[in-house]
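Have a look at the structure below before the remarks.
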Amino acid sequence: MIEVTLANGQQKTFPCATTPADIARSISERLLKEAVVARVDGELVDLNTPIARDSRVEILTRTHPEVLDVIRHDTAHLLAEAAKELYGDAIQITIGPSIENGFYYDIAREEPFTPADLEQLEARMREIVDRDESIVREEWDRDEAIKFFKGIGEHYKAEIIEGIPVGDVVSLYRQGKFMDLCRGPHFPSTGKIGKAFKLTKLAGAYWRGDSKNPMLQRIYGTAWASEKDLKEHLFRIEEAEKRDHRKLGREMDLFHLQEEAMGSTFWHPKGWTLYRTLQNYIRGKLEKAGYVEVNTPLLLDKKLWEASGHWDKFRQNMFTFSDGENTELALKPMNCPAHVQIFKQGSKSYRDLPMRMAEFGCCHRNEPSGALHGIMRVRNFVQDDAHIFCREDQIGTEVKKFYELLQDVYEDLGFSEFKVKFSDRPEVRAGSDDMWDRAEEGLKTALESENIPYIMNPGEGAFYGPKVEFVLRDALGRDWQCGTLQVDYVLPERLDASYMGEDGQKYRPVMLHRAVLGSLERFIGMLIEHHGGKFPVWLAPVQVVVMPITSDSNEYGAMVVRKLKEIGIRVEEDFRNEKINYKIREHSLKKVPYLFVVGKKEEEQQTVSIRKLGGETQEVLALSAALAKLESEGKIPSETIRRLSDK
RNA sequence: GCCGCUGUGGCUCAGUGGUAGAGCGUACCCUUGGUAAGGGUAAGGUCGAGAGUUCGAUUCUCUCCAGCGGCACCA
């Protein structure tokens, strides 16, 4: 007999090898009917997994949040079964995990799948749900399983099992005539999976994620616990499409891209205003945080990149050419080596440290064509880059100061949430293990002493040092890695930077690479999507449009425009011979935060009728009050630094 | 770079083996209208580029380019 503790704390005894299904039945027929998987001592298992010892058992139904993953995984199996039924030996199945919002299955097939195939597959998946096939776990000997999958022509599956140690037992799941290698758990039958799923897209994907391997066809799908959840998800996708920065960039006349300059941005007047506003905002913050701004050459001799180590690792992603004489040059892909050159001019003393050197550095990287994406991933971009040259014992304070700056900026820009990721040494790297130990330790200590919670991101550091990444969550719940902070002992060594210490000896400075926004292009793309184009007033490229009701009020309107310009508001006038409805609609679609309507009444009383973007009503304010309102709302929020400590 | 899809006026998109159409936008005219589209007229296209099949290609085939969705990459 075993003793089972239920979720409500109740204890019951059952015969040995009782299954969660038996337990559910003992509680109520209804629970048995609704049960889909169980959690035994913290681990999710099938309903018919025998329980061998005293355990805590929780019976889960489909509405439990952890079950969603199982639903998605089950749906992936439905897809594989449907595909085998429809295409048989013409395909091989490989892997099909659950992912955020859904699942995918990678399938090997000569012929490409078409959207029509997706419809067929989806219809067949629904049939399999209707058939309500039992899903049964079987334990196989490893070698037997390999033989089995080879026998049915599933060589990818066989290859996966070959990676499992000899003598191990592998679990297979059988549903109808379909067998798949799988760890589980799964629902007891296909009928319970439900039909709140949809196949969404087709894509290529490399076998085992390696570009040297053959390419498989990946079918993506989304799956949910209920039809309602599915609908909501599809609605969210539609909303995201409406906010696409490429679409809004065009509609709001911010920028454009074209073939002749692929991967580079043509900033239109309004977009450039936005860009400059953001840049000036950051510039103000940096100045108050004790940075100095510099500017360095775009073109640098290849020798410098060889010395820094970038040539070795990134040459294929650099734009290089000869000057026609003896020199090979590269467009800088980043600013660090150039900043070291400035540091090296003259001799530096420990008294000069920390030296915080910032640059809105214009970088070029020859990104693979398939990587380009709107203005989010481009070949020509500007970073809000800076390098802090400091002593090792100053790392902690500098990390703290940077973190404060970062929090301050993110808050101003309308982000309330961000995550911190810690990336440690990658496989291919520069510098000794000893150096990496020190760099990783120093950075971790700095984070921990500031009580900054972080998650590990193993092996993802830069080639010269460990990296902290700051990941913003936008209004649609998507994550964007923006800020970064990297500790680097390698470059100062390689490029021979030094300072004189208190004892008159030469020392190597440590270099902290850091950015708050990352690439301005990418950040602006993200800002556009985060705000759906409806920027806070201080960022909006056009803050106010003044529009007279009839041409009789043009003169008064022009005066209002003049007054707004005098106080530095970005204002446009719309004196066209159009109805007020038409103008309201047009400028609302262009997402102008404030529309000032002026007519006879306003002129007589020296007021303006204000319509705020998204509002249904209007507010009539004295002109002087309206000016004061805009002046305060339109101000760049860098006037005060809230949490920044003094140097 | 790899796999798939797409490429028609400024934008969104129809369409056809016999060299093209709509809506919006633009220009002009009428309209002076109080908070999300007033009316009329007109202009505007080498149908992504090149080659091939054909009497004839925007349409079919091939190559290339770019965009889109993924994968790989991301100092």
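Just so we're on the same page: letters track the sequence lines, and every chain starts at 1. On a predicted model such as this, the values are computed, not experimentally measured, just so you know.
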Pick base, sugar-phosphate or nothing for A:Tyr206, based on heavy-atom distances below 4.0 Å to the nucleic acid. base

If you define the side chain from C-beta out and look only at heavy atoms, does anything of A:His513 sit under 4.5 Å from A:Tyr464? yes

If only side-chain N and O atoms count, and only distance matters, is there a donor-acceptor pair under 3.5 Å linking A:Thr94 with A:Asp106? no

Taking only distance into account, with no hydrogens and no angle test, what donor-acceptor pairs under 3.5 Å do side-chain atoms of residues 518-531 of chain A form with protein atoms, sequence neighbours excluded?
{"residue": "A:Ser519", "atom": "OG", "partner": "A:Glu521", "partner atom": "N", "Å": "3.3"}
{"residue": "A:Ser519", "atom": "OG", "partner": "A:Arg522", "partner atom": "N", "Å": "3.0"}
{"residue": "A:Glu521", "atom": "OE1", "partner": "A:Val382", "partner atom": "N", "Å": "2.9"}
{"residue": "A:Glu521", "atom": "OE2", "partner": "A:Tyr275", "partner atom": "OH", "Å": "3.4"}
{"residue": "A:Arg522", "atom": "NH2", "partner": "A:Gln481", "partner atom": "O", "Å": "2.5"}
{"residue": "A:Glu529", "atom": "OE1", "partner": "A:Arg478", "partner atom": "NH1", "Å": "3.2"}
{"residue": "A:Glu529", "atom": "OE1", "partner": "A:Arg478", "partner atom": "NH2", "Å": "3.0"}
{"residue": "A:Glu529", "atom": "OE2", "partner": "A:His245", "partner atom": "N", "Å": "2.8"}
{"residue": "A:Glu529", "atom": "OE2", "partner": "A:His245", "partner atom": "ND1", "Å": "2.9"}
{"residue": "A:His530", "atom": "ND1", "partner": "A:Ala475", "partner atom": "N", "Å": "2.8"}
{"residue": "A:His530", "atom": "NE2", "partner": "A:Gly414", "partner atom": "O", "Å": "3.1"}

Go through the steps for A:Thr484 and A:Gln486 under the test side chain to side chain donor-acceptor pair (under 3.5 Å), then give the verdict. CA-CA 7 Å; A:Thr484 181; A:Gln486 300 155 21; 3.0 Å; yes

Between A:Lys247 and A:Glu251, does any side-chain N to carboxylate O distance fall below 4.0 Å? yes

Regarding the side chain of A:Pro368, the nearest nucleotide among B:A36, B:C73, B:C71 is B:C73

Residues of residues 237-251 of chain A with a heavy atom under 4.0 Å from any atom of RNA chain B, listed by number, are A:Arg246, A:Arg250

Pick base, sugar-phosphate or nothing for A:Lys212, based on heavy-atom distances below 4.0 Å to the nucleic acid. nothing

Taking the P atom of each, how far is B:A43 from B:G67, in whole Å? 35 Å

Nearest to the side chain of A:Gln486, heavy atoms from C-beta on, is which of B:U35, B:A75, B:G4? B:A75

Can you list, pair by pair, the side-chain donor-acceptor contacts under 3.5 Å of residues 209-216 of chain A, counting residues two or more places apart and other chains?
{"residue": "A:Asp210", "atom": "OD1", "partner": "A:Lys212", "partner atom": "N", "Å": "2.9"}
{"residue": "A:Asn213", "atom": "ND2", "partner": "A:Trp207", "partner atom": "O", "Å": "2.7"}

Residue met sooner reading RNA chain B from 5', once A:Arg576 and A:Leu589 are mapped to nucleotides: A:Arg576

Please work out if A:Tyr464 contacts a base, only the sugar-phosphate, or nothing of the nucleic acid, heavy-atom cut-off 4.0 Å. sugar-phosphate

Under a cut-off of 3.5 Å for both distances of each Watson-Crick or G-U pair, what dot-bracket string does RNA chain B give, using [ ] for crossing pairs and | for inter-strand pairs? (((((((..((((....[..)))).(((((.......))))).....(((((..]....))))))))))))....

Which parts of residues 293-313 of chain A get close to RNA chain B, meaning a heavy atom less than 4.0 angstrom away? A:His310

Please check this pair: side chain of A:Lys583 against backbone of A:Asp574, looking for a donor-acceptor N/O pair closer than 3.5 Å. yes

Whether the A:His339 and A:Gln341 side chains hold a donor-acceptor pair (N or O, under 3.5 Å, no angle test) is what I'd like checked. no

A:Gly374 near the nucleic acid: base, sugar-phosphate alone, or nothing, with a heavy-atom cut-off under 4.0 Å? sugar-phosphate

Which residue pairs satisfy the salt bridge (Lys or Arg N to Asp or Glu O under 4.0 Å) criterion with at least one member in residues 590-604 of chain A, sequence neighbours excluded? none

With distance as the sole criterion, do the side chain of A:Arg611 and the base of B:A36 form a donor-acceptor contact below 3.5 Å? yes

Determine yes or no for a side-chain-to-main-chain donor-acceptor pair under 3.5 angstrom, with A:Asp384 supplying the side chain and A:Leu517 the backbone. yes

Closer than 4.0 angstrom, basic N to acidic O: yes or no for A:Lys629 and A:Glu633? yes

Would you say a side-chain N or O of A:Tyr220 is under 4.0 Å from OP1 or OP2 of B:G4? no

In terms of side-chain heavy atoms of A:Met215, which of B:C71, B:A36, B:G4 is nearest? B:C71

Toward the 5' end of RNA chain B, which comes first, A:Glu616 or A:Phe463, by nearest nucleotide? A:Glu616

Which nucleotide, B:A36, B:C74, B:U32, lies nearest any side-chain atom of A:Thr550? B:U32

